[in-house]
Amino acid sequence: MSTKDPQIQTEHESSSRLREQRLQKLEKIKSLGIDPYPYKFSRTHKAIELQNKYKDLQNSQETNDKVIVSGRIHNERNDWIFIDLYDDSGKIQLYCDKEKLDKKLTEFLPLLDKGDFIGATGTVRRTPRGELSIKVSEVTLLCKSLLPLPEIIEGKKRHLGIHDIETRYRQRYLDLIVTSTTKETFKKRAQIISGLRNYLNAKDYIEIDTPVLQVEAGGAEARPFVTHHNALGMDLYLRIATELHLKRLVVGGFEKVYELGRIFRNEGISTKHNPEFTSIELYEAYADYNDMMNLTEDLIKTICLQIHGKLQIEYQGKIIDFEKPWARISMLDLIKEHAKVDLSDAPCEKIIEVFEKTVESKLIQPTFVKDFPLEVSPLAKKHRSINGLVERFELYMNGWELANSFSELTDPLDQRKRLEEQAKKKVSGDHEAHPLDIDFITALEYGLPPTGGLGIGIDRLIMILTNSASIRDVIAFPTMKPV
RNA sequence: GCGCCAGUAGCUCAGGGGUAGAGCACUCGGCUUUUAACCGAUUGGUCGCGCGUUCAAUUCGCGCCUGGCGCACCA
């Protein structure tokens, strides 16, 4: 529980007048013996089903087909003659022919408001203007809404909408109601995530959940969130990666494992960073980082095709082409190409610095940047033929790091040495150094087969595939300071 | 963390040292079997918060809060 006094808001100061009007309508509705918050409603069709079924119905043509729909009222015209009703599939117009309506119903209609949920029964017709409609005979209130929905005008068109970006993030439910592209983005997000699972499951990868609460947060360089377990009387960390536990599972005999889930990093917030974000990590026994490149490329191409039906997509005005074979270039070669210097013998920090300054932002098209300095990769196997480097790649596109992968370090003695180095750094004040996870090293001593590992930042992938400018646009409830 | 910009009615915005403005929404009335309908009237605000300057601050100054963008850090 928060130590702050809970502030129970009984007044919606700013909209109290509009809310008051709706409360009065609510009272009238109750006095008519109508339950404004009923338990259940059965419909026969969703909006899109009707739109499809009757797409050949001519203007002014009427049917005797009786249908029942339900949804939220977004708009009303001409004194409740026309109602735009939305369900999660789309819009269907209700037509209330007042001369033929039951008198009780005509009196009931003005008690409705935009935002209310209703169910409606009637026959299908297309109006002379060509709008598929339901000629209503019965209306059931399904939920009385007390607060007005935001509405804006663009050009000459009035419609529900919000421009204020802060409201859209803080009150995502409003954004979802009034911004159609928001709903589309989150539908696509769901498709991408299930597409990932389907792809891996079909290749016999098994998904296993590993702990979020950890005694030491290892597997990456990042500052963790700290929390406290009361019964154990100890602090725990939220995971910053799933790496070390997934590799334990490979030690245990699972040859293809993955975990798709939330990880937490106690770092800055930006259009590309949210403190909690979704990653997928996968590990495959007997594979190396070259296999991981093949897998990454095929996986992302497959998902892109599923979502877009093509491999060239537009991201914020740039065309990203997934079709051509993705470039696979060593970090040092990229530095030679862009900075015109050979840093083969330079210290690790220099290489990383020059790469980040001169190369990173230019990698718009999908590019595997491979062969990293050893010092920044304590979990990766030494390069099989180049001294001082490791077998590691990062996938870049649009100038962003999207994935990270190694031929996993399997030598327990080497791993112990490298994590001890990290532990020293940590002691001397580097908050982001890897902790020494003794049990992980013990697991390696029992034996980890040659293993390829891969991690992908799912939110960034979704940003690219949904043409979203900010990570907040692909996370339903992004981290925000309370007002 | 630093810099720039923003916060005024339910929504979108204008304004600017002297009682706070518009469009739409809302409410009421009229007209209409009609498709942002239309016409008319009435509502509606602690101008993000605090302190200062001033006879007077929503406006000017300083501080703070929240957000956006850029940079830094990171994925």
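Order of the sequence lines sets the chain letters (A, B, ...), proteins ahead of strands, with each chain counted from 1.
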Under 4.0 Å, heavy atoms only, any strand: does [X] hit a base, just the sugar-phosphate, or nothing?
{"X": "A/N404", "answer": "nothing"}
{"X": "A/L402", "answer": "nothing"}
{"X": "A/R22", "answer": "nothing"}
{"X": "A/F264", "answer": "nothing"}
{"X": "A/N266", "answer": "nothing"}
{"X": "A/E394", "answer": "nothing"}
{"X": "A/R472", "answer": "sugar-phosphate"}

_Reading RNA chain B from 5' onward, which residue's closest nucleotide shows up sooner: A/T127 or A/E360?_
A/T127

*Nearest nucleotide by nearest heavy atom, which residue falls closer to the 5' end of RNA chain B, A/D84 or A/E356?*
A/D84

Rounding to an integer number of angstrom, what distance separates [N] and [M] when you compare their [atom1] atoms?
{"N": "B/A75", "M": "B/C49", "atom1": "C1'", "answer": "36 Å"}
{"N": "B/U58", "M": "B/A20", "atom1": "C1'", "answer": "8 Å"}
{"N": "B/G40", "M": "B/C47", "atom1": "P", "answer": "31 Å"}
{"N": "B/C65", "M": "B/U27", "atom1": "C1'", "answer": "35 Å"}
{"N": "B/C28", "M": "B/G44", "atom1": "P", "answer": "16 Å"}
{"N": "B/A14", "M": "B/U19", "atom1": "P", "answer": "22 Å"}
{"N": "B/U66", "M": "B/G29", "atom1": "C1'", "answer": "43 Å"}
{"N": "B/U8", "M": "B/C13", "atom1": "P", "answer": "10 Å"}

Please confirm whether the backbone N or O of [Y] pairs with a side-chain atom of [X], one donor and one acceptor, at under 3.5 Å?
{"X": "A/K28", "Y": "A/Q24", "result": "no"}
{"X": "A/S468", "Y": "A/I464", "result": "no"}
{"X": "A/R460", "Y": "A/K272", "result": "yes"}

Figure out the [atom1]/[atom2] separation between [X] and [N], and round it to whole Å.
{"X": "A/M397", "N": "B/A75", "atom1": "CE", "atom2": "P", "result": "17 Å"}
{"X": "A/D164", "N": "B/C5", "atom1": "CG", "atom2": "P", "result": "19 Å"}
{"X": "A/I269", "N": "B/C73", "atom1": "CD1", "atom2": "C1'", "result": "13 Å"}
{"X": "A/I83", "N": "B/A36", "atom1": "CD1", "atom2": "C1'", "result": "17 Å"}
{"X": "A/R170", "N": "B/G48", "atom1": "CZ", "atom2": "P", "result": "16 Å"}
{"X": "A/I165", "N": "B/C69", "atom1": "CD1", "atom2": "P", "result": "7 Å"}
{"X": "A/K135", "N": "B/U33", "atom1": "NZ", "atom2": "C1'", "result": "11 Å"}
{"X": "A/F82", "N": "B/A36", "atom1": "CZ", "atom2": "C1'", "result": "14 Å"}

*Do A/R17 side-chain and B/U43 base share a donor-acceptor contact under 3.5 Å?*
yes

*If we only count heavy atoms from C-beta on, is the A/L112 to A/E76 side-chain gap below 4.5 Å?*
no

*Does a side-chain heavy-atom distance below 4.5 Å link A/E216 with A/D437?*
no

Give none if [N] has no partner; otherwise give the nucleotide forming a Watson-Crick or G-U wobble pair with it, both distances under 3.5 Å.
{"N": "B/A75", "value": "none"}
{"N": "B/G23", "value": "B/C11"}
{"N": "B/G67", "value": "B/C5"}
{"N": "B/A36", "value": "none"}
{"N": "B/C60", "value": "B/G52"}

Output the single nucleotide from [options] whose closest atom is nearest the side chain of [X].
{"X": "A/E401", "options": "B/U66, B/A75, B/U33", "result": "B/A75"}
{"X": "A/T271", "options": "B/G70, B/G67, B/A75", "result": "B/G70"}
{"X": "A/E432", "options": "B/A75, B/U35, B/C73", "result": "B/C73"}
{"X": "A/I471", "options": "B/U33, B/A75, B/A72", "result": "B/A75"}
{"X": "A/L18", "options": "B/A72, B/G67, B/G10", "result": "B/G10"}
{"X": "A/I162", "options": "B/A75, B/U27, B/U12", "result": "B/U12"}
{"X": "A/R460", "options": "B/A75, B/U33, B/U66", "result": "B/A75"}

Under 4.0 angstrom between [X] side-chain N/O and [N] OP1 or OP2:
{"X": "A/H163", "N": "B/C11", "answer": "no"}
{"X": "A/K114", "N": "B/G10", "answer": "no"}
{"X": "A/K481", "N": "B/U66", "answer": "yes"}

*Establish, yes or no, whether the cationic atom of A/R392 lies under 6.0 Å from the six-membered ring centre of A/F406 and within 45° of the ring axis.*
no

*Do A/R125's NZ or CZ and the ring of A/Y95 fall within the cation-pi criteria of under 6.0 Å and 45°?*
yes

*Over 12 foreign heavy atoms within 6.0 Å of CZ, A/R197*: yes

*A/D235, CG: over 12 other non-hydrogen atoms inside 6.0 angstrom*: yes

*asked:* Can you tell me if A/F277 is stacked onto the base of B/A75, using a 5.5 Å centroid cut-off and an angle below 30°?
replied: yes

